[in-house]
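Have a look at the structure below, then the notes.
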Amino acid sequence: MRLLAKILDYGCYLSLFFLINTMFIEKSPSPFLLAFLALFLINPILESLLGKTFGKYLFGMRVIDEYGENPSLLTCFIKNILQLFSIIFYTLSSATILEDEMFFHNKRTFTYTI
């Protein structure tokens, strides 16, 4: 479910950047790259303010800290950067993301997706 939420977030950002690229800026950077960067720049802001991103909202999930509150902005940025490294590690190592009950980035930032 969390992966689907992340893919949905990416699709939203990708659609937005394709629209902007088509309507306003003909020679902008790749919408694919901008959408990927948005995942790790905009999502932490949304998680910190609202506890969820668009994808998490649709699936009824939210991110909380160890006190049941929305995590701080810094914690969310660190979590998302660690998540990026986790994705790269699992992709390159052919490991499965289901090996552990809690993801690396959540363990290190004391956050939970519920």
Side-chain angles (χ1 to χ4, degrees):
M1 294 286 280
R2 293 177 358 163
L3 179 60
L4 289 175
K6 185 67 79 174
I7 291 169
L8 223 145
D9 289 338
Y10 179 75
C12 289
Y13 295 133
L14 186 60
S15 299
L16 175 68
F17 289 121
F18 261 122
L19 182 67
I20 291 170
N21 193 34
T22 304
M23 294 180 80
F24 302 110
I25 308 167
E26 296 287 326
K27 304 258 182 195
S28 72
S30 168
F32 295 100
L33 177 62
L34 290 174
F36 185 76
L37 292 174
L39 279 177
F40 299 98
L41 296 175
I42 296 173
N43 277 7
I45 295 168
L46 293 174
E47 289 174 350
S48 175
L49 293 175
L50 307 173
K52 55 188 92 175
T53 63
F54 180 70
K56 286 182 176 76
Y57 172 77
L58 288 178
F59 287 105
M61 298 183 287
R62 71 181 290 233
V63 177
I64 59 170
D65 63 12
E66 59 190 335
Y67 303 106
E69 303 292 329
N70 293 347
S72 71
L73 183 60
L74 179 60
T75 298
C76 290
F77 272 113
I78 292 170
K79 180 182 93 57
N80 278 272
I81 294 300
L82 290 174
Q83 186 179 46
L84 173 62
F85 290 124
S86 293
I87 291 168
I88 292 169
F89 170 76
Y90 285 120
T91 302
L92 294 178
S93 69
S94 300
T96 65
I97 53 177
L98 302 174
E99 289 178 5
D100 199 357
E101 63 214 33
M102 192 170 175
F103 290 97
F104 172 79
H105 56 275
N106 290 115
K107 284 182 184 178
R108 297 297 174 250
T109 57
F110 303 101
T111 59
Y112 308 89
T113 302
I114 57 170

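In this structure, the separation between CG on L58 and SG on C12 is 7.5 Å, given to the nearest 0.5 Å. Summarising the geometry, atom CE belonging to M1 is positioned 10.5 Å from atom CG belonging to L8; distances are rounded to the nearest 0.5 Å. One distance of note links CD1 of I64 with CD of E69; it measures 9.0 Å at 0.5 Å rounding. Note: L14 CG to L33 CG = 11.0 Å, rounded to the nearest 0.5 Å. Taking CZ of F77 as the start and OG of S48 as the end, the distance is 8.5 Å to the nearest 0.5 Å. Atom CG of N43 is separated from atom NZ of K79 by 8.0 Å, given to the nearest 0.5 angstrom.
Annotation: side chain of L50 is not in contact with side chain of N70 (no heavy-atom distance under 4.5 Å). At a threshold of 4.5 Å between non-hydrogen side-chain atoms, the residues K6 and Q83 count as touching. Between F32 and F18, the closest side-chain pair of non-hydrogen atoms falls below 4.5 Å. Side-chain atoms of L34 and Y13, non-hydrogen and from C-beta on, never get closer than 4.5 Å to each other. Side-chain atoms of L73 and I45, non-hydrogen and from C-beta on, do get closer than 4.5 Å to each other.
For the pair E47 and R62, the salt-bridge criterion is not met [side-chain N within less than 4.0 Å of a carboxylate O].
Heavy-atom neighbours of Y57 OH from other residues, nucleotides or ligands within 6.0 Å: at or below the threshold of 12.
Put simply, L41 and V63 are part of two different groups of oily side chains (I, L, V, M, F, W, Y) that touch within less than 4.5 Å, one to the next. Cluster membership for F36 and I20, using ILVMFWY side-chain heavy atoms within less than 4.5 angstrom, is shared. Using a 4.5 Å cut-off between side-chain heavy atoms of Ile, Leu, Val, Met, Phe, Trp and Tyr, with links allowed through other members, F59 and F54 fall into the same hydrophobic cluster.
A donor-acceptor pair is defined here as one N or O able to donate and one able to accept, closer than 3.5 Å; no such pair exists between the side chain of N80 and the backbone of F40. Within the 3.5 Å criterion, the main-chain N or O of G11 finds a donor-acceptor partner in the side chain of S15.
Pairing each heavy atom of M61 with each of A5, the nearest pair is CE-CB, 3.6 Å.
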